[in-house]
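Written below as structure tokens is the structure these notes are about.
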Amino acid sequence: MCRPTYHEHLSDSQYSYVAREYLKDMGYLPKEESSVAATSQFVAVRHHDRNHEHLHIITSRIRLDGSLVNDSYDYFNSQVSTRRIAAELGLEVTPTTNEAVAPKLQQEYGITALTSPNRSKSINPSC
């Protein structure tokens, strides 16, 4: 189902913030800006080829110091990160497909997220 009345928009600086926060949450960038050694190279591209703006991120698991980003539980961590960032920016928090994500969001960030066995209605490849 496409959303013709889609209304959420972010500025370039907000998208930059989203990309950096997500990469920090996922371990590709250090939590502290002062540490450059544990940084991975990345490219983030914002576009709106659908009826909603979105961001694509391409990054290397090999950090500049030669260490590897741990990608265990990356799908789980990604769901937590994207919903945390959405809530922080006042955006729609989409339902999660992982029943463990909702309790973690509630406990750690006070964010209420619904759980659904289906992909989010806001993510539709046919739009």
From [X] [atom1] over to [Y] [atom2], what is the distance, rounded to the nearest 0.5 angstrom?
| X | Y | atom1 | atom2 | answer |
| --- | --- | --- | --- | --- |
| L10 | S16 | CG | OG | 11.5 Å |
| I85 | L91 | CD1 | CG | 10.0 Å |
| T112 | L105 | OG1 | CG | 9.0 Å |
| L114 | R83 | CG | CZ | 10.0 Å |

I'd like to know if [Y] and [X] are part of one continuous hydrophobic network [Ile/Leu/Val/Met/Phe/Trp/Tyr, side-chain heavy atoms within less than 4.5 Å].
| X | Y | answer |
| --- | --- | --- |
| F42 | M26 | yes |
| V45 | Y15 | no |
| I62 | L29 | no |
| V93 | Y109 | yes |

* Between the main-chain N or O of R63 and the side-chain N or O of S67, is there a donor-acceptor pair closer than 3.5 Å? ->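 Checking the backbone N and O of R63 against the side chain of S67, no donor-acceptor pair under 3.5 Å is found.
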* Would you confirm whether Q106, through its side chain, and P103, through its main-chain N or O, come within 3.5 Å as a donor-acceptor pair? =>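 Looks like no, no N/O pair under 3.5 Å.
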* Less than 4.5 Å apart, any side-chain heavy atom of V69 and any of S40? ->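 Sidechains of S40 and V69: in contact.
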* Tell me, do T59 and Q41 make a side-chain contact under 4.5 Å, heavy atoms counted? ->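 Side chain of T59 against side chain of Q41, heavy atoms only: no contact under 4.5 Å found.
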Using a 6.0 Å cut-off, check whether atom [atom1] of [X] has over 12 heavy atoms from anything other than its own residue.
| X | atom1 | result |
| --- | --- | --- |
| E99 | CD | no |
| E88 | CD | yes |
| L68 | CG | yes |

* To do: In plain terms, say whether E21 and R84 are close enough for a salt bridge, that is, a side-chain N and a carboxylate O under 4.0 Å apart.
  =>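 Yes, this pair counts.
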Going by distance alone, is a donor N or O of one side chain under 3.5 Å from an acceptor N or O of the other, for [X] and [Y]?
| X | Y | value |
| --- | --- | --- |
| E53 | H47 | no |
| S72 | N70 | yes |
| Y28 | T39 | no |
| Y73 | S78 | no |

Return the minimal non-hydrogen interatomic distance between [X] and [Y], and the atom names on each side.
| X | Y | answer |
| --- | --- | --- |
| S11 | R46 | C-NH1, 3.7 Å |
| Y22 | S81 | CD1-OG, 3.4 Å |
| A102 | T96 | N-CG2, 4.1 Å |

* Can Y75 and T97 be said to form a side chain to side chain contact (heavy atoms under 4.5 Å, CB included), step by step? -> CA-CA 10 Å; Y75 185 72; T97 57; 3.1 Å; yes
* Report the residues that fulfil salt bridge (charged side-chain N to carboxylate O under 4.0 Å, His left out) with D74, sequence neighbours left out, ordered by chain and then residue number. =>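 Listed in chain order: nothing, the list is empty.
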* Take I57 and V43 through the side chain to side chain contact (heavy atoms under 4.5 Å, CB included) test and state the conclusion after the steps. => CA-CA 6 Å; I57 301 174; V43 173; over 6 Å; no
* Chi angles and distances behind the side chain to side chain contact (heavy atoms under 4.5 Å, CB included) call for D25, K31 -> CA-CA 8 Å; D25 286 350; K31 296 284 185 187; 3.4 Å; yes
